[in-house]
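A quick write-up on the structure given underneath.
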Amino acid sequence: MSLDDAGLIPLRALANPLRLRIVSLVTGTAMSATEVAEELGIAHASASYHLRQLAAAGFLQRVEDVKDPAPPGRRGRARLLYQYDPASAHRLDPSSGRELLYEATFTDLRRRLPLMTRQRSTTDIEVWVGREVWDEACDLVKQAIQLIHDRAGQPRAEGSVHVSMTAFMFELDDSA
């Protein structure tokens, strides 16, 4: 049985810094390949290719543009938009490509750090805590991630702030 047959999405599809940026971009709003290309400063063909790959892997959904539907009685179709599929996070197979995904994330973080204008919070902790404290901290970070994903908006919308949030929380081998 393949990962696809099991309903699991391999992380390898995200193991490209550009694809991580695309997924982040379409989290807040559905966008066309043209819009993605313009926002990221890449060729339309490249944006279209990566959007199709991310959709095939289950990270993005294709949706029709309700603002620009296909004209009635004319050939053609509505503009194709892509948006993040939040259900994909629950179908990820963490055993497939995790290291590649982390490396892509680190690469994109290196791109974002020089763009920082205001640092709001940073921490690096390696400590021992009680299980209940750890579980509570994990839940709080999950809530913050969900809040940002749920309320992400269109790029450059009036009153919006361009932000970056990266969170890694993991348990360590006790023998280390």
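Note: hydrogens, waters and symmetry copies are ignored here, and every other heavy atom, side chains too, is used.
- No continuous path of hydrophobic side-chain contacts links Val141 to Phe170 [ILVMFWY only; heavy atoms under 4.5 Å].
- Residues Tyr82 and Gln61 fail the side-chain proximity criterion, which asks for heavy atoms closer than 4.5 Å.
- The shortest non-hydrogen separation linking Leu51 to Ala33 is CD1-CA, 3.5 Å.
- Between Thr107 and Asn16, the closest side-chain pair of non-hydrogen atoms is not below 4.5 Å.
- Cluster membership check: Met169 shares its hydrophobic cluster with Ile145, using side-chain heavy-atom separations under 4.5 Å among Ile, Leu, Val, Met, Phe, Trp and Tyr.
- Here the OG atom belonging to Ser46 is positioned 5.5 Å from the CG atom belonging to Leu18, to the nearest 0.5 angstrom.
- Side-chain heavy atoms closer than 4.5 Å link hydrophobic residues (I, L, V, M, F, W, Y) into clusters, and following such links, possibly through other members, connects Ile125 to Trp134.
- One distance of note links CD of Gln146 with CG of Asp139; it measures 12.5 Å at 0.5 Å rounding.
- Qualifying salt bridge (charged side-chain N to carboxylate O under 4.0 Å, His left out) partners for Glu132, counting only residues two or more places apart in sequence or in other chains: none.
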Identify each donor-acceptor pair in which a side-chain atom of residues 20-29 lies under 3.5 Å from a protein atom, sequence neighbours left out, and give them as a table.
unit_1: Ser24; atom_1: OG; unit_2: Leu20; atom_2: O; d: 3.2
unit_1: Thr27; atom_1: OG1; unit_2: Val23; atom_2: O; d: 2.7

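- Residues passing the side chain to side chain donor-acceptor pair (under 3.5 Å) test with Glu136, sequence neighbours excluded: none.
- When all heavy atoms are compared, the tightest approach of Val36 to Ala47 is CG1-CB, 4.0 Å.
- Closest heavy-atom contact between Ser88 and Asp85: OG-O, 2.7 Å.
- Residues passing the salt bridge (charged side-chain N to carboxylate O under 4.0 Å, His left out) test with Glu103 are Arg110, sequence neighbours excluded.
- Clustering ILVMFWY residues whenever any of their side-chain heavy atoms sit less than 4.5 angstrom apart, transitively, puts Val127 in a cluster other than the one holding Leu140.
- With values rounded to the nearest 0.5 angstrom, Leu81 atom CG is found 9.5 Å from Met31 atom CE.
- Within the structure, ring pair (Phe, Tyr, Trp, His ring centres under 6.0 Å) pairs that include any residue of residues 24-46 do not occur (at least two apart or interchain).
- Between the CG atom in Leu60 and the CG atom in Leu54 there is a gap of 4.5 Å [rounded to 0.5 Å].
- A 4.5 Å side-chain heavy-atom check between Val133 and Trp128 finds every atom pair outside the cut-off.
- One distance of note links CE of Met116 with OG of Ser164; it measures 8.0 Å at 0.5 Å rounding.
- Closest approach of Val63 to Ala30, counting heavy atoms only: CG2-CB, 3.9 Å.
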When you look at Ser48 and Arg52, which way does the side chain to side chain donor-acceptor pair (under 3.5 Å) test go after all the steps? CA-CA 6 Å; Ser48 182; Arg52 287 192 317 269; 2.7 Å; yes
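- The salt bridge (Lys or Arg N to Asp or Glu O under 4.0 Å) analysis of residues 111-122, with sequence neighbours excluded, yields the pairs Asp108-Arg111, Asp108-Arg112.
- Ala15 and Ala104 make their closest contact through C-CB, 3.7 Å (heavy atoms, listed as atom of the first residue, atom of the second, distance).
- Residues Phe59 and Arg19 fail the side-chain proximity criterion, which asks for heavy atoms closer than 4.5 Å.
- With rounding to the nearest 0.5 angstrom, the CG atom of Leu100 is 10.5 Å from the OG1 atom of Thr105.
- Between Phe106 and Phe168, the ring-plane angle classifies as tilted under the 30° and 60° cut-offs.
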Test log, rule side chain to side chain contact (heavy atoms under 4.5 Å, CB included), inputs His162 and Thr117: CA-CA 10 Å; His162 191 191; Thr117 60; over 6 Å; no
